[in-house]
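Below is one structure, written out as structure tokens; the observations come after it.
Keep in mind that what you see is a predicted model, and the values were worked out from it rather than measured. One-based numbering, in listed order, for ligands and for the atoms of each.
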Amino acid sequence: MIDIEKMTKLYPMGDTVVRALDGVDLHIDKGEFVSLTGASGSGKSTMMHLIGCLDRPTEGLYKLDDQRVDQMNDRRLARIRNRYIGFVFQTFNLINRTSALDNVGLPLVYAHQRVTRKKAMQALERVGLAGRAHHRPSELSGGERQRVAIARALVNNPPLLLADEPTGNLDTHTGEQIMALFHDLHAAGVTIVLVTHEMAIAAQAQRVVRMRDGKVIEDRQVDQIFREELLAGRMKAAGKSAEARTA
Ligand code: ADP
Ligand code: MG
């Protein structure tokens, strides 16, 4: 589904250039569930922007579902996004002055109000929130807001779901509920790429891709051994930050 070769993204910054992506190769098959991890500034969000066709690479090749998207103009990229990709963000990005139902219907371009409402309602049902359709985001809990955002991402039935730290603003228990929803969507055939720096979240994917300084430094299937390593690494990292705090 995703074929990326030697992809580079440079951001000019005054006299210098930030090498946000530095020659990345990445292939993701239809139906995979992949975690993208790495320290802050390692290039995860840039990678998601490019995978999500929100931006074009400076250099390199990107094929999405066998279509070259790296050179497409904005209008064609928008069409690809609409057809293929759902986005979920850490901060939900919902519109506060309107209902959950209207938020979910936003990506739909139907002229028929009735069709829009029906599809939006179906997407809310898919995330278990049909009962909250007429609430505004401010009347919902964090976990419910994220589920509305996931319903909005799903409303066009995209085959690819991209989530950038979707549990980052949620407590552990609510984060687990969101992960359970991702597991359901994955089981239903959706390809998922999820950015997280939490190893307990990353370890739930089938495969973990780790970035550093704009490069992929590790790309590994999650088996029992690797899962335990990831969870142990999380403990170590937690211990380290505790040390740093007391130092
Ligand atoms: P991550 O999501 O892993 O924290 P990012 O992809 O956001 O990393 O950033 C990678 C690098 O690119 C960082 O050094 C960041 O400062 C830089 N960067 C990201 N977006 C921009 C931008 N729009 N303009 C300039 N530099 C950017
Ligand atoms: Mg980021």
Side-chain angles (χ1 to χ4, degrees), residues 2-28 32-62 64 69-74 77-78 81 85-94 142 145-146 149-150 152-153 160-170 172 175 178-179 182 191-205 207-220 222 230 233-234 236-238 240-241 244:
I2 293 169
D3 292 296
I4 286 170
E5 276 166 33
K6 297 193 173 61
M7 191 156 81
T8 298
K9 182 70 185 178
L10 306 178
Y11 291 113
M13 287 290 281
D15 294 345
T16 62
V17 197
V18 178
R19 206 166 261 279
L21 290 182
D22 192 5
V24 170
D25 291 323
L26 184 67
H27 300 275
I28 296 177
E32 279 196 273
F33 187 166
V34 179
S35 290
L36 192 57
T37 185
S40 173
S42 58
K44 304 181 298 295
S45 293
T46 303
M47 189 73 177
M48 291 297 257
H49 270 79
L50 289 166
I51 292 176
C53 300
L54 289 163
D55 203 354
R56 277 174 293 264
T58 309
E59 275 174 53
L61 178 144
Y62 177 18
L64 179 62
V69 292
D70 49 84
Q71 309 283 350
M72 278 187 185
N73 64 30
D74 289 349
L77 277 184
R81 280 200 303 276
I85 299 159
F87 292 97
V88 178
F89 305 94
Q90 177 171 359
T91 51
F92 322 137
N93 295 8
L94 298 172
R145 285 181 212 184
Q146 191 58 299
I150 294 170
R152 181 185 54 190
L160 176 61
L161 191 62
L162 303 179
D164 197 345
E165 300 275 4
T167 62
N169 277 8
L170 304 173
T172 308
I178 295 299
M179 286 306 290
F182 283 130
T191 307
I192 299 177
V193 185
L194 183 155
V195 166
T196 184
H197 63 267
E198 291 175 74
M199 289 306 123
I201 299 288
Q204 294 186 33
R207 175 178 163 197
V208 172
V209 173
R210 196 190 302 268
M211 298 188 65
R212 184 193 290 156
D213 299 333
K215 294 188 172 76
V216 170
I217 56 162
E218 186 175 34
D219 185 345
R220 199 170 151 188
V222 179
L230 286 166
R234 175 177 63 110
K236 213 161 61 195
K240 250 194 334 224
S241 63

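- The ligand atoms of ligand 1 that sit less than 4.0 angstrom from a heavy atom of Ser45 are 1 (P), 2 (O), 6 (O), 7 (O).
- For atom 23 (N) of ligand 1, the nearest protein heavy atom (residue, atom name, distance) is Tyr11 CE2, 3.6 Å.
- Asp25 is not listed as a side-chain neighbour of Val216, based on a closest heavy-atom distance of 4.5 Å or more.
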Practice prompt. List the steps, then state whether side-chain contact (heavy atoms from CB on, under 4.5 Å) holds for Ile2 with Thr191.
Written response: CA-CA 10 Å; Ile2 293 169; Thr191 307; 5.6 Å; no
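- Given atom 17 (C) of ligand 1, the protein heavy atom at minimum distance is Val18 CG1, 3.7 Å.
- The ligand atoms of ligand 1 that sit less than 4.0 angstrom from a heavy atom of Ala20 are 11 (C), 12 (O).
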Worksheet entry | Candidate pair Arg56 and Asp74, rule salt bridge (charged side-chain N to carboxylate O under 4.0 Å, His left out), full reasoning | CA-CA 9 Å; Arg56 277 174 293 264; Asp74 289 349; 3.0 Å; yes
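- For the pair Ser35 (side chain) and Ala202 (backbone), a donor-acceptor distance under 3.5 Å is present.
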Fill in: Stepwise side-chain contact (heavy atoms from CB on, under 4.5 Å) test for Ile178 and Val88
CA-CA 11 Å; Ile178 295 299; Val88 178; over 6 Å; no
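- For atom 2 (O) of ligand 1, the nearest protein heavy atom is under 4.0 Å away.
- On a distance-only criterion, Met13 and ligand 1 share no N/O pair closer than 3.5 Å.
- Near Ala39, with a cut-off below 4.0 Å to any heavy atom, the atoms of ligand 1 are 3 (O).
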Item to complete: Assess whether side-chain contact (heavy atoms from CB on, under 4.5 Å) is satisfied between Met7 and Asp70, documenting all intermediate values.
Response: CA-CA 9 Å; Met7 191 156 81; Asp70 49 84; over 6 Å; no
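- When every heavy atom of Leu94 is checked against every heavy atom of Arg152, the shortest pair comes out as CD2-NH1, 3.9 Å.
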Item to complete: Could you give me the CA-CA distance, side-chain angles and deciding distance for Phe87 and Asp164, then say whether side-chain contact (heavy atoms from CB on, under 4.5 Å) is met?
Response: CA-CA 8 Å; Phe87 292 97; Asp164 197 345; over 6 Å; no
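- At the top of the distance list for atom 13 (C) of ligand 1, counting protein heavy atoms only, stands Gly41 O, 3.8 Å.
- Nearest to atom 6 (O) of ligand 1 by heavy-atom distance, out of Thr37, Thr46, Val195, Asp55, is Thr46.
- No donor-acceptor pair under 3.5 Å is formed between the side chain of Thr196 and the backbone N or O of Ile201.
- Taking atom 8 (O) of ligand 1 as the reference point, the nearest protein heavy-atom neighbour is Gly43 N, 3.2 Å.
- Distances from atom 15 (C) of ligand 1 to the protein include no heavy-atom value under 4.0 Å.
- Contact analysis puts Ser40 in contact with ligand 1, with a non-hydrogen atom separation below 4.0 angstrom.
- Counting backbone and side-chain atoms alike, Ser45 contributes an N/O/S atom closer than 2.8 Å to the Mg ion (ligand 2).
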